Structures are given as structure tokens and as C-alpha cells.
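Below, read A as the first sequence line, B as the second, and so on, with proteins coming before strands; counting in each chain starts at 1. Since the model is a prediction, treat every value here as computed from it, not as a measurement.
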Protein chains: 2
Amino acid sequence: MNAEAMPFVPGLPISSVERETGLSKDTLRVWERRYGFPTPERDANGERLYAPTQVQRLTQIKRLMDRGYRPGKLLPLDDEALAALDEARPSVLVTRNVQQLDHWMHLVETHDSEALQRQFYREMAKRGLAGFVQDIVAPLITRVGEAWSRNELGIFEEHLFSQHLEKMFRTVLANMSPQQGSPRVLLTTLSGEEHTLGLLMVEALMVVEDVCPVLLGPQTPIDEIVRAAQLKQVDAVCLSFSSAYSPTLSAQGLRDLRQMLPADIELWAGGYGVKAIRKPIDGVCLMPEFQDLYDCLAKWQTEHGREPVSGGVTRLPETTK
Amino acid sequence: MNAEAMPFVPGLPISSVERETGLSKDTLRVWERRYGFPTPERDANGERLYAPTQVQRLTQIKRLMDRGYRPGKLLPLDDEALAALDEARPSVLVTRNVQQLDHWMHLVETHDSEALQRQFYREMAKRGLAGFVQDIVAPLITRVGEAWSRNELGIFEEHLFSQHLEKMFRTVLANMSPQQGSPRVLLTTLSGEEHTLGLLMVEALMVVEDVCPVLLGPQTPIDEIVRAAQLKQVDAVCLSFSSAYSPTLSAQGLRDLRQMLPADIELWAGGYGVKAIRKPIDGVCLMPEFQDLYDCLAKWQTEHGREPVSGGVTRLPETTK
DNA sequence: TCAACATTTTGTCCAAGACAAACATGAACG
DNA sequence: CGTTCATGTTTGTCTTGGACAAAATGTTGA
């Protein structure tokens, strides 16, 4: 079989590679210049065409970078060395109920949709919503993210898992009326951060605390966040950041927003992504941990002299050893 | 009050403007060169800083471009001329039940969440799921999008509206078991297309047709779409494109995917966004209208010799004049 | 009225250089 | 021994100006 008879795979243009890998065109070009990788072909017009195998390697490198490795170390490596890094277990994760989570992970790996859905509801009934979210859902999301970064799980499994969680949260939330309570809190993310699960978790926790969440969905531009906050007369705006969101952009966005938001509306930032923000930002409350959310709520209630309805903000249940 | 005492608004860097307006850095720079707008200041390092008023104008221009105007006409205009264009009603929209839709639009404009949610369910019970989706939901989404492009509605209202729809669809779908039926169809969107509503509409329509949809959620890279299609053994992959997604990127992405997907798995593309694709793409079924989805399903079923369970694929109910 | 061709418009791509913020490294100090 | 501070390196993003192809528009002819 000669070359012309082969399935025609000329390679992907740089815009497709940007879409697939999440690496900006600028980065792709500067890597080529500095490290000599990737090495795309050129089409008749002199524009880059990336071979599929190189695109695959680029996504692998991106994964490892999200895990903390730096480009300078990764790009000179060959295939075997990269694969070896995938194996390495960095996990500083202090998981509690490890074996139970292992069981859940197995369900995710095998795409056992039905069992997953069924056991979600059972576990929620058992632990209560807050405990379920803190002890099961949040650690599970972290583990799924880690398994993905270790290449044990594909995006496909991760998406399927997210869909089931979203379905569950929305079903549960549909049956609760979140129309009164205080404080009123606007829930959304900045443009570019598309993860919705964090928002749903926070909404669930707030509803049982008699807080009134206003769910806007992800990706609201800052000037619209300001308008929404005023129109809906909220007491605070709560943004969620996943670990995928660049810390630089998070900090920049929070500063941009704080600049435009009226001073009497508080600004809270939660999620795994805020752990990466080192310096505190004036007028912004960073909540890297779940407990910080409860602390924020308690602080607001004492400052505004409202007697919490149900005898004070719930402390999270002590985690079982 | 002197200048120093003013709230310090130096302007936004080009990356923030890209995030807020959706215009690429390249486009922003080339507009400046060609049309003399925008005219950003420079910081100490010679980097662009865009004044908030210019950013506002840029988003307005982007809106009008989505409506069909071209940059060459828009950029030389001044504020009044732009505002005048907002007023103009281009609507080629052949709406049927106009006054009913007007009523719904009013609910969206006034953020009347409760009424919206209640009347959704009432109308669905009245018309049935398929009719409800075709006659109410789809036209409403179009009108909300148009109202937004005419600056009568903010992103905030649009997000709130989307959240209510999503809540409704997920509640309804949660109570139906989509685990068998044929064909099996994978539902997702390409990276960069984040609109989920199209997928949910299609899922709803498919469930009542005894098709088995596999909802993957938005933004799946093409190689993962291929893997998912094989693992879940689907008969077809159905992608959704909103009108916001660039037609160039849609076509490019469909070609990329068709190249990698096994030939025996069909590739369908639906949504408002595919109307903008002029040239047909080899091996891809374009479905700009709802009816096309039914035609695709019917075609599949006759080709595969399966007797449709419920006496053939439903024709959409005739629309009441 | 519609099809084919010519022309303008417009977004994206390229090159190579520059710089600041993030990160790592090592020294000095409590 | 751990912490703070000052260096040095890495790395992503920004810059300019030129180029080109695909899309949209205008023009001609059947």
C-alpha cells in the first residue's frame, strides 16, 4: 500500500490544536521556538499542521502541567519518560473514608451509570445533604480530577460522572423552595470558568441553611454580575473557581469585579481554584475550604444582627475517622 | 473633586477585554490598525489598556455583528448611530403564537422566576413534550437571543432564563428511564461550545421517540468523542451548535471529527448554528430544523430495518396558525 | 431571475523580540 | 531548623507589521 492510499491524515491546524489541548496559539509557537517541540509540518501556505500523535502528546503534557510539573522539565522528555510520570503518585490527599471512595471510583471507571445514580441517592439519605456533599461528593470530584490527571480516566468518563452529579443535584434542589431566607447570595462564575458543579454544591449547602441562593449559571461577565447583584438585591456575590482555572486570571477577575461592585455587597470566592491564590485581595473573602463558607455565613449573620433561624449555622459533622 | 480622588479606573488589559467581549486579541489589534477603533491607552510597558466605555461599545458592536452587520459598517459609526441600529427590528422571525410568546418574554424581562417555572409545567402538560419543545421552548430561546442582540435584555436575564429551562428539563428527564431503545445516540458539543440547552431539548425529544440518548454534556474533545462512541457502542453522534459558535470553527470541527470517527457511526449536527454552514460536509448530516432530526431518525430506522416501536417516528404536530 | 466571475472585506496566521510575573534557588537571620 | 529576603531562571503573554485565504459583496451575462 503506498502513501497516497493511506487514509489522508495531514494533521490539524493550530486553531484546532488550541481547541483540543487548551494551549494558546502563542504558547504553541513559543514552545516550538524554545524547546523544539512540537514540530508541525507546514501546508502550502506555510501554516502549521500538527500530526495527531503530537497533539496527543501535547494533551498529555498539559495534564502533567496541571499536576504541577513545569514545561521546561516535560518538553525534553521522550514518550517513556512521560508515561513513567503518569504512574507516579503525588497524592498528598488526606482522604478519610478511602475504601468507600475506591468503590465509587470503580463505578466511574466502568461507566456503571445505573449503580452510580442509585447509590448517590442512598448515600444522601444516609448522611444528610451537607455530610454527603462534604464527605462523598467533594472528595470524589477531587479524586476523579486526579485520576484524570494521572491518565487513568478519560474526559469521557469525567463528563459522564459530572452529568450524573448534575442530574442528582438538580433533582434534589427542584424539590426545595429557595425563595426566602437571608442573606441573599448570587452564585455564578467568571467568563472562562465553565464548571457548574461547584455552584450546585454551594447552592445545596445554602438551601439547607436557610440562605437564599440565586443561581445564575456559569460565565457571567463582570458588568452583568454587578447589574444582577443590584437588581436582585443580593447581600453577597459568591464565585466558584475550579482547579483548572488559571490563578492569575482568577486574581485579575476578582480585582476587576471588586472594583466595580458596590462596597456594601460582599464578594466571596470559593472552590479548589482559590487555594492557588497566594496574596489576599482587598475586600474579597477567599474560601478555599468548605468550612470557610460556613464561617463566612456566620460572620455575616452576626454582623447584621439577624438571629439565625435554626439555632445558628451548622458546623459540618465531624468526619468519621 | 480632583482626578486623583476619582475611583481609579485605568482600564482593562487586552486579555480581560477578550474574555469580556469574546473578540480575539488578534481581532482587537487589527481593528485598531484598520479602523482606528478602539483606541486604548498604554501602560508603562507599552501594553494596551482599554477604557470601560470602549469595552462597552465593543460588546455592543459584537451584538450587532451577531445580528448580521459587518465590522466595516459598524466601526466608523458614533454612539447615536449604533443606538439607532439597536432599535431597528430585523426580525424575519415567522412566529406563530406571537402573543403567547410576548407574554413569556414579559416574564423573562421582569425576572418573575416563580411564574415562569409554574407556567412551563402547565404548558408542557397541555401540549405534550414534543409540541412544547417545538412551539414554545425553541421559539422562546430564539426570541430571548434576539432580544439580547437588540439590547433589550441583559446577559443576566438570559442566564436566569436558561437556568430555569435547564432545571425544568432535568426534572422531567429524571423521571424517564432512557436505558433502552434504538438507535443509541451520543449527545455532546465540541470544545468551545458551552450551550447545553440544545442537548437537553434533543434528549427530551429522543426519549419520547424510544431512542436511547447518551448525554455527555458539553465540550468534549474530538478524540474523546471517538472513544466514547466506541465504548458506549452508539449508532450515531449528534452535536449541537448554538448561533454564537463561529460557522468556520463548526465546519472545521466537523471535518476533524468525521476524519477520526469510524465510518459506520453516523455524524449529525443540529442547532441554530448549522444554518450558517453553507457547503455540505461529506459524511455529515446537517439538521438546521427540528423536522430534520425526525427525518434523520426515520432514515436510520428504515436503513436498519427496524420496525419503529410506536408506529413510526412522530411527525411534529401541525403548528396552529 | 439566477449563475458565474471579479473584488472587497475580514479574521487568522506568521516572525522574532521583549518583558513582568511566577517560580526556584540560595543566603542570611532569628 | 525553619523563615524571610534577595537573587536568578523560567514561562506565558504582549508587541509590530506583513501576508493571505475564505467569506461576503458587487457585477456581468444568459
Side-chain angles (χ1 to χ4, degrees), chain A residues 11-19 21-38 40-50 58 61-62 64-76 192 245-252 255 275-279 281, chain B residues 11-19 21-37 40-50 58 61-62 64-76 192 245-253 255 275-279 281:
Chain A
L12 300 167
I14 196 171
S15 61
S16 294
V17 178
E18 177 180 43
R19 170 168 54 77
T21 63
L23 297 164
S24 80
K25 297 189 236 277
D26 269 329
T27 303
L28 288 167
R29 283 191 278 255
V30 87
W31 280 5
E32 184 180 338
R33 198 191 328 163
R34 285 191 188 141
Y35 310 107
F37 184 87
E41 301 292 314
R42 299 296 177 125
D43 69 0
N45 191 31
E47 302 189 352
R48 292 171 173 78
L49 284 182
Y50 293 83
L58 285 170
I61 288 171
K62 179 79 191 316
L64 289 166
M65 276 176 51
D66 289 341
R67 231 166 99 189
Y69 292 100
R70 303 192 66 187
K73 318 273 173 184
L74 293 174
L75 283 158
Y245 202 68
S246 143
T248 317
L249 289 180
S250 318
Q252 179 69 48
R255 274 192 298 268
K275 288 189 181 172
I277 301 179
R278 303 301 168 83
K279 302 174 186 173
I281 304 170
Chain B
L12 299 167
I14 196 171
S15 59
S16 293
V17 178
E18 178 181 42
R19 170 168 51 79
T21 64
L23 298 164
S24 79
K25 296 189 238 276
D26 269 330
T27 302
L28 288 168
R29 282 191 280 255
V30 88
W31 279 7
E32 184 180 337
R33 199 194 323 164
R34 283 191 190 141
Y35 310 106
F37 183 87
E41 300 292 314
R42 300 296 178 125
D43 69 1
N45 191 31
E47 303 190 352
R48 292 171 173 79
L49 282 183
Y50 293 84
L58 284 169
I61 288 171
K62 179 78 191 316
L64 289 166
M65 277 177 51
D66 290 342
R67 232 165 98 188
Y69 293 99
R70 303 191 64 189
K73 319 271 173 185
L74 293 173
L75 282 157
Y245 204 67
S246 144
T248 317
L249 289 181
S250 318
Q252 180 68 51
R255 275 192 298 268
K275 288 189 183 174
I277 301 179
R278 304 300 168 85
K279 302 177 186 173
I281 303 170

Whole-Å gap separating P (C/dG11) and CG (B/L23) | 8 Å
Is any side-chain nitrogen or oxygen of A/S24 closer than 4.0 Å to OP1 or OP2 of D/dT13?
-> yes
Are OP1 or OP2 of C/dG11 and a side-chain N or O of B/R33 less than 4.0 angstrom apart?
-> no
Is the distance from OP1 or OP2 of C/dA16 to the nearest side-chain N or O of A/R34 less than 4.0 Å?
-> no
Minimum-distance nucleotide to A/R42 side chain [options: C/dG11, C/dT10, C/dA15] = C/dA15
Which sits closer to the 5' end of DNA chain C, A/V30 or B/P71, going by the nucleotide each is nearest to?
-> B/P71
Does a side-chain N or O from B/T27 land closer than 4.0 Å to OP1 or OP2 of C/dT12, or not?
-> yes
With nearest nucleotides of DNA chain C determined for B/K73 and B/E47 from heavy-atom distances, which residue corresponds to the more 5′ nucleotide?
-> B/K73
Whole-Å distance, B/M65 CE to C/dT10 P, equals 9 Å
Under 4.0 Å: is that the gap between some side-chain N or O of B/K25 and OP1 or OP2 of D/dT13?
-> no
Examine C/dT10: is either OP1 or OP2 under 4.0 Å from a nitrogen or oxygen in the side chain of B/Y35? Give yes or no.
-> yes
Between the two end axes of the helix from C/dT1-D/dA30 to C/dG30-D/dC1, each built from 5 base pairs, what angle do you get to the nearest 10°?
-> 40°
Quickly work out the A/L74 CG to D/dG12 P distance and round it to whole Å.
-> 10 Å
Mind listing the side-chain donor-acceptor pairs of residues 41-48 of chain A below 3.5 Å, one per line with the distance, residues two or more places apart or on another chain?
from  : atom 1 : to    : atom 2 : distance (Å)
A/R42 : NH1    : A/G46 : O      : 2.8
A/D43 : OD1    : A/N45 : N      : 2.9
A/D43 : OD1    : A/G46 : N      : 3.0
A/D43 : OD1    : A/E47 : N      : 2.8
A/N45 : ND2    : A/E47 : OE2    : 3.2
A/R48 : NE     : A/E32 : OE1    : 2.7

Between A/R29 and C/dC14, does any side-chain N or O lie under 4.0 Å from OP1 or OP2?
-> yes
Kindly compute the distance separating CD (A/E18) from CG (A/L58), expressed to the nearest 0.5 Å.
-> 12.5 Å
Can you tell me how far CG of B/L28 sits from CZ of B/F37, rounded to the nearest 0.5 angstrom?
-> 10.0 Å
Can you tell me the distance, in whole Å, between the CD atom of A/E32 and the C1' atom of D/dG12?
-> 16 Å
Flag if over 12 foreign heavy atoms under 6.0 Å of NZ, B/K275 = yes
Round to the nearest Å and state the distance from B/I14 atom CD1 to C/dA18 atom P.
-> 20 Å
Side chain to side chain, B/Y50 and B/T21, heavy atoms closer than 4.5 Å | no
Selected nucleotide, minimal atom distance to A/D26 side chain, candidates D/dC20, D/dC14, D/dG12 = D/dC14
Test item: A/R29 and A/I14 side chains (from C-beta on) under 4.5 Å apart, heavy atoms = yes
Side-chain contact check for B/S15: nearest option of D/dT11, D/dC14, D/dT15 is D/dC14
Interatomic distance, B/L28 CG vs D/dT15 C1' [rounded to whole Å] = 14 Å
Figure out the OH/P separation between B/Y69 and D/dT25, and round it to whole Å.
-> 13 Å
Take the protein atom CZ of B/R48 and the nucleotide atom P of C/dC19, then report the distance between them rounded to whole Å.
-> 16 Å
So, is A/N45 near the phosphate of D/dA21, with a side-chain N or O under 4.0 Å from OP1 or OP2?
-> yes
